[in-house]
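Counting from 1, the numbers follow the sequence of the chain as shown.
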Amino acid sequence: MLAPLATGAATLLLLAGCASIPLGPPPVREVAAVSDTMSCPDLVLNPLPGAGLVPEDFEVVAVLECANGVTREDADGTVAGNEVRRYEGDLTEFLDAMAAPSDPGPAAVCPAIGYGFRAIWATDAAGRFVPMSFPSTACGGPKEEEPLAALARLEVVDRTFSDTVRVELREATAAGCATRAGVAPLNVLGWAPTETPSAVEVEVSGAMVCVYQADAADALDDAGTPTLIGDGGLFATAFSLDSPEAHVVLTAAAGPATARDCGEAASRFVVLYPRTVTNAVDTPVPVTVELDGCQRIIGTDLRARPASPEVIALLSP
């Protein structure tokens, strides 16, 4: 079973079992290539492409580190993105620690593990970049302790935040809605449907409707439905339905699952949360409806039905 374990600054991904690594000399670390550009990668399970030792004739004036998943507050809520931190000062200690030799191969056995690697570049006065590699441990992991301790003693002179994605909208939270939403119909995933009580068997007093604007087309499947719960659309607004209106939608959501893929992406969809009259055990689960595109209802059993013009009209703010 794969499980993350934070150890210092590195992230270990532990797997069952172990692997034998033969005893031998330290791996040869190549001199890194100089580039005119740099970019923040996603989770780095391997050293940066082309990473290695800083060339002898490369005069380092600063060190850049890319941190993923950094969050910041703004007027609307919270965004997440990449933060590039620029370190300056006396770089000698850090550069020496990064240039230290790797450990020789072990005489025994190493656990079968993978590591997360920090994304760090050296830069010169001309604005060129060198992707840096850490010396490695006997089992192939990065020897981060000394380099990162030296890095922490340098001054962060600049922080550049980029590639932001909205993770929380105060307006959505105030309305009682999720900032992002989506749903995966079971027929899209190829799962067998689960048996659930019909939504119309539970008395409802109304419903809250959260409206979402779909993300770019690549966030949707070929049929236009968000493919993963939590992905697919960003909150736009919210409104309420009374009991008769909610009953119309829930009745449609409990109908035959006959909707077919039309190949047209929906630009807007809603998630309807029924309000029950009492705290019934069989409280209906949310219902998702595409307002355009294929105009399907993803019912309480997570299968798709066609949405009638009456339902679309009720759910279009």
Side-chain angles (χ1 to χ4, degrees), residues 4-13 24-72 79-106 110 113-164:
L5 171 64
T7 303
T11 298
L12 306 183
L13 304 178
V28 176
R29 296 171 67 197
E30 302 291 342
V31 175
V34 179
S35 174
D36 293 329
T37 61
M38 61 155 285
S39 61
C40 286
D42 293 329
L43 178 65
V44 183
L45 298 180
N46 294 293
L48 290 169
L53 297 169
V54 176
E56 291 185 2
D57 60 350
F58 190 86
E59 297 185 12
V60 183
V61 299
V63 174
L64 305 176
E65 178 190 19
C66 183
N68 303 110
V70 177
T71 59
R72 287 190 178 183
V79 294
N82 299 321
E83 182 181 76
V84 177
R85 300 163 185 163
R86 182 182 179 95
Y87 296 84
E88 293 183 2
D90 185 353
L91 304 173
T92 304
E93 183 185 9
F94 172 75
L95 294 176
D96 287 347
M98 290 293 279
S102 296
D103 295 338
C110 286
I113 58 177
Y115 296 88
F117 290 79
R118 293 285 192 104
I120 296 179
W121 293 261
T123 185
D124 65 5
R128 299 179 302 166
F129 308 97
V130 170
M132 303 182 72
S133 68
F134 288 88
S136 60
T137 65
C139 289
K143 292 177 63 177
E144 293 184 331
E145 184 175 355
E146 291 186 13
L148 293 183
L151 187 68
R153 287 189 280 271
L154 296 173
E155 181 184 2
V156 178
V157 299
D158 183 63
R159 298 174 184 267
T160 303
F161 195 61
S162 63
D163 298 330
T164 59

How far apart are the closest heavy atoms of Ala97 and Pro135, and which atoms are they? O-CG, 3.7 Å
Working for side chain to side chain contact (heavy atoms under 4.5 Å, CB included), residues Glu88 and Glu155: CA-CA 6 Å; Glu88 293 183 2; Glu155 181 184 2; 5.7 Å; no
Residues in side-chain contact (heavy atoms from CB on, under 4.5 Å) contact with Ala122, at least two apart in sequence or another chain: Val54, Phe58, Val60, Val130, Met132
Look up atom CD1 in Ile120 and atom CZ in Phe129, then write down how far apart they are to the nearest 0.5 Å. 14.5 Å
At their closest point, which heavy atom of Glu59 faces which heavy atom of Asp124, and how far apart are they? O-CB, 3.1 Å
Between Pro142 and Phe134, the two heavy atoms sitting closest are CB-CB, 3.8 Å
Under the side chain to side chain contact (heavy atoms under 4.5 Å, CB included) criterion, do Leu48 and Met38 qualify, and how do the steps go? CA-CA 10 Å; Leu48 290 169; Met38 61 155 285; over 6 Å; no
Check the surroundings of atom CD in Glu146: do more than 12 heavy atoms from other residues, nucleotides or ligands lie under 6.0 Å from it? no
Minimum heavy-atom separation for Pro147 to Met98, with atom names? CB-SD, 3.5 Å
Does Glu145 CD have over 12 foreign heavy atoms under 6.0 Å away? no
In short, Ala99 meets Leu53 closest at the heavy-atom pair CA-CD2, 4.1 Å
Quick one: do Arg85 and Leu151 satisfy side chain to side chain contact (heavy atoms under 4.5 Å, CB included)? Show the steps, please. CA-CA 11 Å; Arg85 300 163 185 163; Leu151 187 68; over 6 Å; no
If the condition is salt bridge (Lys or Arg N to Asp or Glu O under 4.0 Å), which residues does Glu93 pass it with, not counting sequence neighbours? Arg153
Minimal non-hydrogen separation, Val84 against Cys40, with atom names: CG2-SG, 3.6 Å
With rounding to the nearest 0.5 angstrom, report the NZ to OG distance, Lys143 to Ser136. 8.0 Å
